[in-house]
Each structure stands twice: as structure tokens, then as C-alpha cells.
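In what follows, a structure is listed as C-alpha cells, so that the remarks can point back to it.
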Amino acid sequence: MKEVPSQQTFFSSKLLAETLLNQDTTFIGTMRANRREVPARFKTKYTKGRPINDSQYLYCGNLTLLSYKPKVTKNVLLLSTEHHIAADGVSQKGKPKPEIILDYNNFKAM
């Protein structure tokens with residue numbers, strides 16, 4: 001199975017991830033919060049009360065949507081067809097981070 005990391009948040013979508021998965025290609029990519037398929041609870045204005053380094057997952061078939069809050073004013077959304085469980089790893093700086101983010105960062109470094 002091929003793996004495709006997407007660094008363009010403008011093009012990442014549920015439709016793209018499902019299309020690639022049907023062609024035996026996994027997908028990991030960041031998403032914009034204003035996408036129609038992103039639920040309201042994952043949008044930036046609803047994440048203000050969440051603690052730092054908080055992760056929330058949404059599972060829909062073979063897709064996983066992660067909402068991760070690395071800083072007080074930042075919310076990162078990642079869509080993956082490769083990850084299906086909530087797993088944490090440790091970053092190079094020793095901080096706990098979701099496995100999806102660590103894999104995405106590793107793909108960017110390639």
C-alpha cells in the first residue's frame with residue numbers, strides 16, 4: 001500500500017482520502033477547520049476551553065479525524081486513513097503527541 005502525506009490544507013478532504021483509499025493508497029493530511037465535513041466541536045471557536053495537548057478523535061468508517069491543541073490559541077486538524085485507534089507517542093523533544101501527528105511530521109521530513 002502506498003502512503004501519501006498532504007501538506008496542502010486547501011486540497012485535503014474526506015472525498016480525496018476516500019478516493020485514494022479505494023486505490024490502495026493511505027492518506028495523512030492537515031485540514032482547514034472551515035471545511036463542511038468538519039464537525040462544529042472541532043472548529044477553532046469551540047476549542048477555546050480545551051487544555052493544551054488535548055486530543056479528540058472522530059472515526060467514520062476507515063477515516064480518522066484528529067483535533068489536537070498544541071497551544072492555547074492553536075488547533076490542528078489531521079485526517080488519516082491509516083490510523084484507526086487513539087495512540088500517543090513521544091516527540092523528539094520528549095512531549096507526548098498523537099501518533100497521527102508524529103507520522104505526519106515524519107512524512108514531511110522525507
Side-chain angles (χ1 to χ4, degrees):
M1 211 178 234
K2 296 182 231 168
E3 298 174 351
V4 175
S6 171
Q7 296 179 14
Q8 297 292 328
T9 58
F10 184 75
F11 297 107
S12 296
S13 69
K14 180 181 175 186
L15 180 63
L16 174 64
E18 288 173 340
T19 302
L20 288 172
L21 191 60
N22 288 337
Q23 297 175 4
D24 292 328
T25 304
T26 60
F27 176 85
I28 301 174
T30 56
M31 287 188 71
R32 292 179 182 235
N34 64 353
R35 289 268 181 198
R36 193 177 306 154
E37 57 256 17
V38 175
R41 69 183 177 122
F42 281 12
K43 298 192 186 244
T44 307
K45 68 180 182 177
Y46 295 104
T47 62
K48 290 185 180 175
R50 287 174 44 194
I52 296 175
N53 294 326
D54 182 50
S55 303
Q56 292 184 358
Y57 294 86
L58 178 69
Y59 303 99
C60 179
N62 289 326
L63 302 176
T64 302
L65 180 64
L66 165 69
S67 174
Y68 175 68
K69 188 168 182 182
K71 298 179 182 178
V72 174
T73 58
K74 190 164 182 148
N75 184 41
V76 178
L77 295 174
L78 280 107
L79 181 66
S80 173
T81 59
E82 184 177 342
H83 302 85
H84 303 295
I85 58 169
D88 285 341
V90 179
S91 69
Q92 293 177 347
K93 296 180 181 178
K95 295 182 180 181
K97 285 190 175 179
E99 196 69 35
I100 295 175
I101 293 198
L102 296 176
D103 287 348
Y104 176 74
N105 290 341
N106 286 337
F107 282 128
K108 282 192 337 185
M110 290 180 158

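Quantities reported herein were computed from a predicted structural model and do not represent experimental measurements.
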* To do: Search all heavy atoms of N75 against all heavy atoms of F42 and return the closest pair with its distance.
  => ND2-O, 2.9 Å

* Euclidean distance, E18 CD relative to L79 CG, rounded to 0.5 Å -> 9.0 Å

* To do: Answer whether the closest heavy-atom distance between the side chains of Y68 and I101 falls below 4.5 Å.
  => yes

* Asked: Once you round to the nearest 0.5 Å, how far does CE of M31 lie from CG of L16?
  -> 9.5 Å

* **Interatomic distance, S13 atom OG to R32 atom CZ [nearest 0.5 angstrom]** => 12.5 Å

* Considering non-hydrogen atoms only, spot the tightest contact between A17 and L63 and give its length. => CB-CD2, 3.7 Å

* Asked: Between L78 and V76, does a side chain to side chain contact (heavy atoms under 4.5 Å, CB included) hold up when you go through it step by step?
  -> CA-CA 7 Å; L78 280 107; V76 178; 3.4 Å; yes

* Polar side-chain atom of T25 near backbone of L21 as donor-acceptor pair, under 3.5 Å -> no

* Structure fact -> Taken to the nearest 0.5 Å, the spacing of L77 CG from I100 CD1 works out to 11.0 Å

* Step by step, would you call L20 with T81 a side chain to side chain contact (heavy atoms under 4.5 Å, CB included)? -> CA-CA 9 Å; L20 288 172; T81 59; over 6 Å; no

* **Student check: side-chain heavy atoms of I28 and E82 closer than 4.5 Å** => yes

* Structure fact -> In this structure, CG of D103 is separated from NZ of K97 (nearest 0.5 Å) by 12.5 Å

* To do: Please tell me if the side chains of K69 and P51 come closer than 4.5 Å, counting only heavy atoms from C-beta onward.
  => no

* To do: Report yes if some heavy atom in the side chain of K14 is under 4.5 Å from a heavy atom in the side chain of R35; otherwise report no.
  => no

* Structure fact -> Smallest heavy-atom separation, P98 atom then L66 atom, equals CB-CD2, 3.8 Å

* Could you walk me through whether K71 and I52 pass the side chain to side chain contact (heavy atoms under 4.5 Å, CB included) test, one step at a time? => CA-CA 6 Å; K71 298 179 182 178; I52 296 175; 5.8 Å; no

* To do: Can you run down the side-chain hydrogen bond (donor to acceptor under 3.5 Å, both in side chains) pairs that involve residues 54-66, sequence neighbours left out, and say none if there aren't any?
  => R50-D54

* To do: For the residue pair F27 and S12, establish whether any side-chain heavy-atom pair is separated by less than 4.5 Å.
  => yes

